[in-house]
Every structure is written in structure tokens, then in C-alpha cells.
Amino acid sequence: MSSMAEKKDVDKDKPITRVLFCGPHFPASQIYTREYLEKYPFIQVDDVPLKQVPDHIGNYDLCVSKNMLFDSNVLSRAKQLKLIMQFGVGLEGIDIDAATKHGIKVARIPGDATGNAASCAEMAINLMLGLLRKQNEMQISVQQKMLGEPIGETLLGKTVFIMGFGNIGIDLAKRLKPFDVKIIATKRSWPSNSEVLIPKAFPTQNGVLDDLVDEKGSHGDIYEFASKADIVVCCLSMNKETVGILNKPFISSMKKGALLVNIARGGLLDYEAVVQHLESGHLGGLGIDVAWKEPFDPNDPVLKFKNVILTPHVAGVTEHSYRSMAKVIGDVALQLHAGKPLKGIELVN
């Protein structure tokens, strides 16, 4: 249900800064933001169903997109909108050129500053362990009163390929090191040691981030790295170059029986290629927090496989990360209201 109740204690003669959250999904985003802004009656936080966003967006100063698609048509109606933000980092649903044309700023919340990247890294490990220890089959054993089955695998000694070594990739590598795995990673370009920015929460032993990675490569090395890995974890941003990158050629290049984990965006993964390789047995398991269609169809045929684990896009949905991101949104709303420079966010236009 939408929430557009006007604040009764607002002085009608004073300006109000209005914040709009789009759609019903990820509800804690608007709930926590409202809680953070409760003591500021001049900030109004509303949420409306996705289909109603175009009809209401013209009344708002700040919009939090979530999984709303912002094309030129929608943006043309945003007459007083100053800023569109994502409750996280992914901006693939926003036509940034069109926003710029209409004088609207677009921004993401840096994942390393809020704990979002750490939360996503933890979910990646959760999915990896769930596949290795055969989580679905364990539940069947419980139901059938079986003991000592199934026989699982361990992370110990495995080679993990991290595709996309950004904030999430860094946090994932840091957490994987104690499991005694070999980490290989690809990144568009690797900075020199002196240029590396290490998340404050995760300093390495000698201050050099390269210690986290045993072998580094570029985008052109993804097939070679896939052939070496026991587990592939996709942490890529989705754009024109990466959409559908987890396709038939890529999965075919993976080791037979290797696992594939995707915590980034569902559009990175080719559904038909995944189903085909699960059926053939080439793909040893699939763990995804994001899907080709969201919300996910609980009757989708891919769920017939025992070696598939799906979670409902909750990798970054933790109390810590959501409270932190709600604070960022709230602070930005206060900055907009006061006409101050915007801080704590990453503007992209």
C-alpha cells in the first residue's frame, strides 16, 4: 500500500522537502528513512506503487528509485525533482543522460561506507557454503530422518574466481582468506599499490590490497579464469558491456562441476544457458540472490534442481546496512532542504 499521509504538524507557510520511494519492494528502506527523519517535520517521506510514480513524481524533490525504471518519459514529469538516488549502488534502471538533460542529479550510495558491501560479501559466502554443503539435500535428509547424508564439500583448498573486484569483491576476498582458498580476480584496471584505497574496516596486514588476490586479470581473462575456478562469484556492475555476460560460452568455459554464484544483478545471467548447463550436469550448482525476473516466480523450472539456491534479493538487506543507508538518504534530504552541498553520496552526472 502507498503511504502519502501529510504531516499534520508542519507549518503550511514553511517549505517542505518531499522524498519519494518507488514501489513496495525493499520496504525497510522507506520505513527506516521515516524513522530517521521523524524529528524533522519539514521533510516528508512517501512511497507509492510503481505504476503511480509517473503521476506523483512531479511533486517531489528527491526520489529513491529502488527497482523503478526511469526513462525519459518519467523524468520529463519530474518538474521539481533535484536528485534521484538508489538505495544502494546499482543505477542501471536510470537513464542518466535523460536525467542530465532535465537537470536532475543522479547518485548512488557508496557500498563500503554503509556496510552494504560487507553484507553482500557475507551473502556470497552463505550461498557458496550452502551449495558446497548441499543445503537443499540436507533438508530432505531431515524430513526423511536420515543421518550422515548428504556428503558435502569444503571451501578448504578451493579456487574462487571473483568477477569484478570492487567494494564487494574486496570485502569478499578479505572474508574468504581465513577459509584457506586461492583467490583469483578480474577487474577492468588494477591501480598500483600506491593508488589502492583499502576500506577502513578491513586494513590488510601490510597495507597492500594485492595480498588478498593470488592472481589478477582483466576483463579479457574471464574465460581463462573461469576454467581454473571451483567457484565463480559474480560481483560485476550491470551495464551495456556486462549484461548477459554469464552466458553459454562463459559457463561452458567453467570446470565441470564448478559452482556459480551471482549477488550482483539478474541481468548478468543468461537464463537459458544456466538451465542447459544444470541439466547437462556441467554446472555443479547455482546460488543467486538476484534473478532474471523479479520478484522471482516460485514455480520457475530452475527450482527443480537440488543444486540451486535462491534468495529474494536480500544480500544487502541487513539491519546495519539499511540503517546506514537510511541515514545517508535522510542526511541528503536535510542537505537539499537547507540548500547545502550534497555529501556522503557519489554523484554520477
Regarding [X] and [Y], does a basic nitrogen lie under 4.0 Å from an acidic carboxylate oxygen?
X	Y	result
D211	K177	no
E38	R34	no
E272	K248	no

Heavy-atom distance under 4.5 Å between the side chains of [X] and [Y], does that happen here?
X	Y	result
V48	I57	no
V160	K182	no
I84	K105	no
R77	D55	yes
P295	P312	no
V302	F296	yes
L156	V181	no
T311	L127	yes

[Y] backbone acceptor or donor facing [X] side chain under 3.5 Å:
X	Y	value
R323	E319	no
N116	S321	no
N247	F250	yes
D289	A315	yes
E294	A291	yes
D95	F70	no
W190	S218	no

With rounding to the nearest 0.5 angstrom, report the [atom1] to [atom2] distance, [X] to [Y].
X	Y	atom1	atom2	answer
L278	K306	CG	NZ	14.0 Å
L50	S65	CG	OG	10.5 Å
I345	M325	CD1	CE	14.0 Å
E215	I183	CD	CD1	12.5 Å
D97	N349	CG	CG	9.0 Å
N167	D112	CG	CG	4.0 Å

*What do the steps show when you test L286 against L269 for side-chain contact (heavy atoms from CB on, under 4.5 Å), and what is the final call?*
CA-CA 11 Å; L286 175 70; L269 192 147; 4.0 Å; yes
*Go through F26 and Y322 one step at a time and tell me if the ring-ring contact (aromatic ring centres under 6.0 Å, His included) criterion holds.*
CA-CA 10 Å; F26 310 96; Y322 261 49; 7.2 Å; no
*asked:* Are more than 12 heavy atoms, taken from residues, nucleotides or ligands other than R108, located less than 6.0 Å from that residue's CZ atom?
replied: yes
Pairs of donor and acceptor atoms involving the side chains of residues 139-150, under 3.5 Å and at least two apart or interchain, shall be tabulated with distances.
residue: S141; atom: OG; partner: E137; partner atom: O; Å: 3.3
residue: S141; atom: OG; partner: E149; partner atom: O; Å: 2.9

Hphob cluster co-occupancy, [X] + [Y], side-chain heavy atoms under 4.5 angstrom:
X	Y	answer
V314	L131	yes
I162	M128	yes
M85	V45	yes
I109	I31	yes
L347	V332	yes

*Steps toward side-chain contact (heavy atoms from CB on, under 4.5 Å) verdict (K66, S29)*: CA-CA 9 Å; K66 297 198 286 184; S29 59; 3.4 Å; yes
*Enumerate the residue pairs fulfilling salt bridge (Lys or Arg N to Asp or Glu O under 4.0 Å) with a member in residues 249-261, sequence neighbours excluded, ordered by first and then second residue.*
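Residue pairs with at least one partner in residues 249-261: D230-K255.
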_Any pair counted as salt bridge (Lys or Arg N to Asp or Glu O under 4.0 Å), so long as it reaches residues 150-165, sequence neighbours left out_ = E153-K158
*Evaluate the criterion side-chain contact (heavy atoms from CB on, under 4.5 Å) for residue pair V348 and I96; output intermediate values, then yes/no.*
CA-CA 8 Å; V348 298; I96 297 173; 3.8 Å; yes
If every non-hydrogen atom of [X] is compared with every non-hydrogen atom of [Y], which pair is closest and at what distance?
X	Y	answer
P54	M68	CD-CE, 4.3 Å
G316	S119	CA-CB, 4.0 Å
A173	L212	CB-CB, 4.1 Å
E346	P110	N-CD, 4.1 Å
F87	A326	CZ-N, 3.6 Å
A124	V233	CB-CG1, 4.1 Å

*List for me each residue that meets ring-ring contact (aromatic ring centres under 6.0 Å, His included) alongside F225, sequence neighbours excluded, and say none if there are none.*
F161
*Between Y60 and R18, is there a cation-pi geometry (under 6.0 Å to ring centre, at most 45° from the normal)?*
no
*Does the side chain of D221 come under 3.5 Å of the side chain of T186 through a donor N or O and an acceptor N or O?*
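The answer is no; no qualifying pair exists.
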*Distance-only donor-acceptor check, side chains H282 and S252, under 3.5 Å*: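 Note: H282 and S252 side chains miss the donor-acceptor criterion.
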*asked:* Between L81 and D61, does the side-chain contact (heavy atoms from CB on, under 4.5 Å) criterion hold? Intermediate values first, please.
replied: CA-CA 4 Å; L81 195 65; D61 306 285; 5.7 Å; no
*Which residue pairs satisfy the side chain to side chain donor-acceptor pair (under 3.5 Å) criterion with at least one member in residues 324-344, sequence neighbours excluded?*
T17-H337, Y36-D331, K327-D331
Pairs under 3.5 angstrom only: tabulate donor-acceptor contacts from the side chains of residues 257-265 to other protein residues two or more places apart or in another chain.
residue: N262; atom: OD1; partner: A264; partner atom: N; Å: 3.0
residue: N262; atom: ND2; partner: R265; partner atom: O; Å: 3.0
residue: R265; atom: NE; partner: E92; partner atom: OE2; Å: 2.4

